[in-house]
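This one's a predicted model, so the numbers in the text were calculated from it and none came from an experiment.
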Amino acid sequence: MAADLHEKTNRYHDLLEEALDVAEVAPQTDTPMGQAALECLEMAQSYLDDGEHFREHDDWVNALAAFSYGHAWLDAGARIGLFEVPREGHLFTV
């Protein structure tokens, strides 16, 4: 079971990292929606950083949770139009 947890955690890490790389703020950043988009990006990056910290300290369950939460911030932001994201592929549910 530990191998499955490690594989899934690493997969979710890579998914979040890739999603962060391609998500682009859609509204102008000097608007309230643009600021909300920047805050979502900051949250996603923070969860990526936290997850990496947990993984480095062999806390795989919390690492997986952090990577999942981080991606949820991006996915939700993409759904409501805060981000321009690819409509095809595996990164977002838009």
Side-chain angles (χ1 to χ4, degrees):
M1 181 163 121
D4 292 338
L5 176 60
H6 293 178
E7 184 278 326
K8 188 171 190 174
T9 301
N10 290 331
R11 188 165 27 100
Y12 275 57
H13 168 271
D14 295 348
L15 183 70
L16 174 54
E17 196 170 55
E18 187 176 353
L20 271 166
D21 284 342
V22 301
E24 295 181 11
V25 174
Q28 291 191 350
T29 56
D30 62 347
T31 66
M33 292 298 281
Q35 289 301 303
L38 293 174
E39 289 173 14
C40 286
L41 283 176
E42 182 180 356
M43 290 299 295
Q45 182 64 54
S46 293
Y47 275 114
L48 177 66
D49 296 342
D50 289 348
E52 289 173 345
H53 171 83
F54 289 134
R55 188 173 60 175
E56 288 168 9
H57 289 87
D58 249 2
D59 187 350
W60 291 85
V61 171
N62 282 320
L64 177 58
F67 297 145
S68 298
Y69 287 141
H71 193 270
W73 278 93
L74 295 179
D75 214 22
R79 276 270 189 174
I80 62 172
L82 295 180
F83 304 116
E84 293 289 334
V85 298
R87 299 243 173 231
E88 303 295 323
H90 66 285
L91 291 178
F92 297 95
T93 60
V94 291

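In this structure, CG in Leu82 is found 10.0 Å from CD in Glu39, a value given to the nearest 0.5 Å. From Leu5, atom CG reaches atom CG of Asn10 across 9.0 Å, with rounding to the nearest 0.5 Å. Atoms CD and CH2, from Glu42 and Trp73 in turn, are 10.0 Å apart once rounded to the nearest 0.5 Å. Note: Gln35 CD to Leu38 CG = 5.5 Å, rounded to the nearest 0.5 Å. The structure places CD of Glu17 at 8.5 Å from CD of Gln45, a figure rounded to the nearest 0.5 Å. To the nearest 0.5 Å, atom NE2 of residue His71 and atom OG1 of residue Thr93 are 8.0 Å apart.
A continuous path of Ile, Leu, Val, Met, Phe, Trp and Tyr side chains, each step under 4.5 Å between heavy atoms, connects Phe67 with Val22, placing both in one hydrophobic cluster. Cluster membership for Leu41 and Leu15, using ILVMFWY side-chain heavy atoms within less than 4.5 angstrom, is shared. In this structure, Phe92 is a member of the same hydrophobic cluster as Leu16, with clusters built from ILVMFWY side-chain heavy atoms closer than 4.5 Å. Grouping the Ile, Leu, Val, Met, Phe, Trp and Tyr side chains by contacts below 4.5 angstrom, directly or via other members, places Ile80 apart from Met43. Taken together through direct or relayed side-chain contacts under 4.5 Å among Ile, Leu, Val, Met, Phe, Trp and Tyr, Leu91 and Leu64 form part of one hydrophobic cluster.
The shortest side-chain heavy-atom distance between Asp50 and Tyr69 does not fall under the 4.5 Å cut-off. Counting only heavy atoms from C-beta outward, the side chains of Leu20 and Leu48 approach each other to under 4.5 Å. In this structure the side chain of Leu74 reaches within 4.5 angstrom of the side chain of Phe83, judged on heavy atoms.
Residues Gly70 and Ala44 share a closest heavy-atom pair of O-CB, 3.5 Å. Scanning all heavy atoms of the two residues, the minimum distance from Ala26 to Gly81 falls at CB-O, 3.4 Å. Of all heavy-atom pairs between Gly51 and Ala63, the closest is O-CB, 3.4 Å. His57 and His53 get closest at one heavy-atom pair: ND1-O, 2.9 Å. Between Ala78 and Val85, the closest heavy-atom pair is CB-CG2, 3.8 Å.
Inspection of the Asp58 and Trp60 side chains reveals an N or O donor paired with an N or O acceptor under 3.5 Å.
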